[in-house]
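Worth saying up front: this structure is predicted, and the values here are computed from it rather than measured.
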Amino acid sequence: MTPQAPGSRNPGIQSTQGPGSRALVMARIRRALADVPRAETPDAVPVERTYHRVHGDRTPSETVDLLAEHLADYRAIVHRTDAPALPALIARLLADRGATSVALPPGLPDSWLSAVPDAVRRVPDTAGLTPHDLDAVSSVVTACAVAIAETGTVVLDAAPDQGRRRITLVPDHHICVIRVPDQVVDSVPEGLERLDPARPLTWISGPSATSDIELDRVEGVHGPRTLEVILTGPPAGPETAGQS
């Protein structure tokens with residue numbers, strides 16, 4: 001086999017970045033922009049957005065049910081409760097997990113952990129908390145910014161009741177509380193309207209997972225293996241209070 005000079009190309013392989021390909025791409029761009037004045041900017045022409053904002057006509061209750069269904073499809077564990085029963089449910093989920101410590105955002109309501117025994121160590125989200133520290137934490141409890149029913153997505157925006165992104169990516173168990181129906185929207189366009197694009201957004205659709213070339217699913221690669229979502233609303237009747 002004759003060695004090639006450094007920087008030379010294999011003549012048997014056609015490059016997609018050669019002069020011919022570049023000229024072809026640029027020619028197509030010029031043809032597409034042929035009727036656009038040179039001084040025109042993207043903001044100068046309004047874009048008509050005629051796509052459906054919501055796919056279907058649902059009541060708020062039906063939207064919450066759709067969110068729960070899609071969260072379960074993504075292997076999240078979904079619980080439903082009312083506000084008075086929320087502390088007891090969080091305490092039970094931590095106990096079932098055998099949690100000995102829990103990471104907490106600074107703005108999380110104190111009442112949410114009021115039923116958790118003092119033996120479970122509280123780990124505040126502070127600037128000095130390292131990924132190594134978080135790796136030793138059993139669980140994390142947060143609120144959310146918005147939840148999207150049609151995609152089964154929970155969005156965090158690092159608000160005080162959610163904390164920094166790292167506390168929801170390193171611990172192996174994440175309990176996320178969603179206030180329903182106020183924080184639940186039908187579609188992605190509706191969700192985007194509630195979010196500040198300048199904030200660090202984390203979009204979660206089920207537990208962290210990936211698949212290799214043989215389609216073997218592995219969970220917990222770049223986030224928690226277990227995501228538990230609590231849908232909590234105003235005080236409910238005895239038939240729904242504490243329901244999981």
Side-chain angles (χ1 to χ4, degrees), residues 64 67-68 70-71 74-83 85-97 99-116 120-131 133-149 151-185 191 194-196 199-209 219-220 222-233 244:
V64 173
L67 172 66
H70 285 170
L71 286 168
Y74 281 127
R75 303 193 189 186
I77 303 171
V78 181
H79 309 272
R80 298 199 189 203
T81 189
D82 59 14
L86 177 61
L89 177 57
I90 292 176
R92 176 171 67 81
L93 297 182
L94 292 173
D96 290 346
R97 182 78 180 180
T100 58
S101 57
V102 57
L104 302 174
L108 200 74
D110 293 336
S111 62
W112 287 10
L113 275 292
S114 60
V116 177
V120 178
R121 181 169 57 93
R122 275 68 164 173
V123 181
D125 176 24
T126 62
L129 198 62
T130 67
D133 297 329
L134 286 169
D135 191 42
V137 171
S138 304
S139 305
V140 57
V141 178
T142 74
C144 81
V146 68
I148 302 170
T151 59
T153 302
V154 178
V155 186
L156 312 179
D157 67 357
D161 60 0
Q162 298 153 55
R164 294 176 301 164
R165 178 179 291 168
R166 68 172 60 185
I167 72 169
T168 59
L169 295 180
V170 180
D172 213 32
H173 178 223
H174 180 191
I175 298 174
C176 184
V177 178
I178 302 173
R179 299 177 177 91
V180 301
D182 297 344
Q183 290 187 311
V184 182
V185 297
R194 296 197 182 191
L195 298 170
D196 180 356
R199 296 190 66 84
L201 302 177
T202 302
W203 296 61
I204 305 170
S205 296
S208 164
E219 296 184 352
H222 41 70
R225 285 186 179 87
T226 304
L227 172 64
E228 299 203 61
V229 175
I230 301 176
L231 306 178
T232 182
S244 291

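- Between Q183 and C144 there is a side-chain heavy-atom pair separated by less than 4.5 Å.
- Under the salt bridge (Lys or Arg N to Asp or Glu O under 4.0 Å) criterion, R97 pairs with D172, not counting sequence neighbours.
- Between L108 and V141, the closest side-chain pair of non-hydrogen atoms falls below 4.5 Å.
- The structure places CD1 of I167 at 12.0 Å from OG of S139, a figure rounded to the nearest 0.5 Å.
- In this structure, the separation between SG on C176 and CG on L156 is 5.5 Å, given to the nearest 0.5 Å.
- Residues A103 and P105 approach most closely at O-CD, 4.3 Å, considering heavy atoms.
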- [ ] Begin from the C-alpha positions of R194 and V185 and carry the test side-chain contact (heavy atoms from CB on, under 4.5 Å) through to its verdict.
- [x] CA-CA 10 Å; R194 296 197 182 191; V185 297; 3.5 Å; yes
Criterion side-chain contact (heavy atoms from CB on, under 4.5 Å) on I178 and V146, from CA distance to verdict: CA-CA 8 Å; I178 302 173; V146 68; over 6 Å; no
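- With sequence neighbours left out, the side-chain contact (heavy atoms from CB on, under 4.5 Å) criterion links D133 to L129, T130.
- For D161, the side chain to side chain donor-acceptor pair (under 3.5 Å) test picks out no residue, with sequence neighbours left out.
- For the pairing with H79, the side chain to side chain contact (heavy atoms under 4.5 Å, CB included) check across L93, T232, L86 returns one residue only, L93.
- When the side chain to side chain donor-acceptor pair (under 3.5 Å) test is applied to T126, no partner is found at least two apart in sequence or on another chain.
- The stretch residues 101-111 participates, sequence neighbours left out, in no side-chain hydrogen bond (donor to acceptor under 3.5 Å, both in side chains) pair at all.
- Applying the side-chain contact (heavy atoms from CB on, under 4.5 Å) rule to P200 yields the partners A158, R165; only residues at least two apart in sequence or on another chain are considered.
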Steps toward side-chain contact (heavy atoms from CB on, under 4.5 Å) verdict (V102, V123): CA-CA 6 Å; V102 57; V123 181; over 6 Å; no
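- For the atom pair OG1 (T168) and CD1 (I204), the distance works out to 5.5 Å, reported to the nearest 0.5 Å.
- Residues passing the side-chain contact (heavy atoms from CB on, under 4.5 Å) test with T153, sequence neighbours excluded: I148, T151, V155, W203, S205.
- Qualifying salt bridge (Lys or Arg N to Asp or Glu O under 4.0 Å) partners for D96, counting only residues two or more places apart in sequence or in other chains: R92.
- Taking the salt bridge (Lys or Arg N to Asp or Glu O under 4.0 Å) definition, one finds that R166 meets it with nothing, sequence neighbours left out.
- Looking at R122, its side chain does come within 3.5 Å of a backbone N or O of V120 through a donor-acceptor pair.
- One finds the CZ atom of R164 at 11.5 Å from the CG atom of L169 (value rounded to the nearest 0.5 Å).
- Among residues two or more places apart in sequence or in another chain, the side chain to side chain donor-acceptor pair (under 3.5 Å) test is passed with H70 by none.
- Expressed to the nearest 0.5 Å, how far CD1 of I77 lies from OG1 of T226 amounts to 6.0 Å.
- Annotation: side chain of L201 is in contact with side chain of L195 (closest heavy-atom distance under 4.5 Å).
- Among all heavy-atom pairs drawn from G152 and Y74, the shortest one is O-CD1, 3.9 Å.
- Taken to the nearest 0.5 Å, the CG atom of L71 stands 7.5 Å off from the CG atom of L227.
- For the pair L104/P124, no side-chain contact is recorded, criterion being any heavy-atom separation below 4.5 Å from C-beta on.
- Taking the side-chain contact (heavy atoms from CB on, under 4.5 Å) definition, one finds that A136 meets it with nothing, sequence neighbours left out.
- The two atoms that bring A143 and R179 nearest to each other are CB-NH1, 4.2 Å, heavy atoms only.
- Taking the side chain to side chain donor-acceptor pair (under 3.5 Å) definition, one finds that T142 meets it with H174, sequence neighbours left out.
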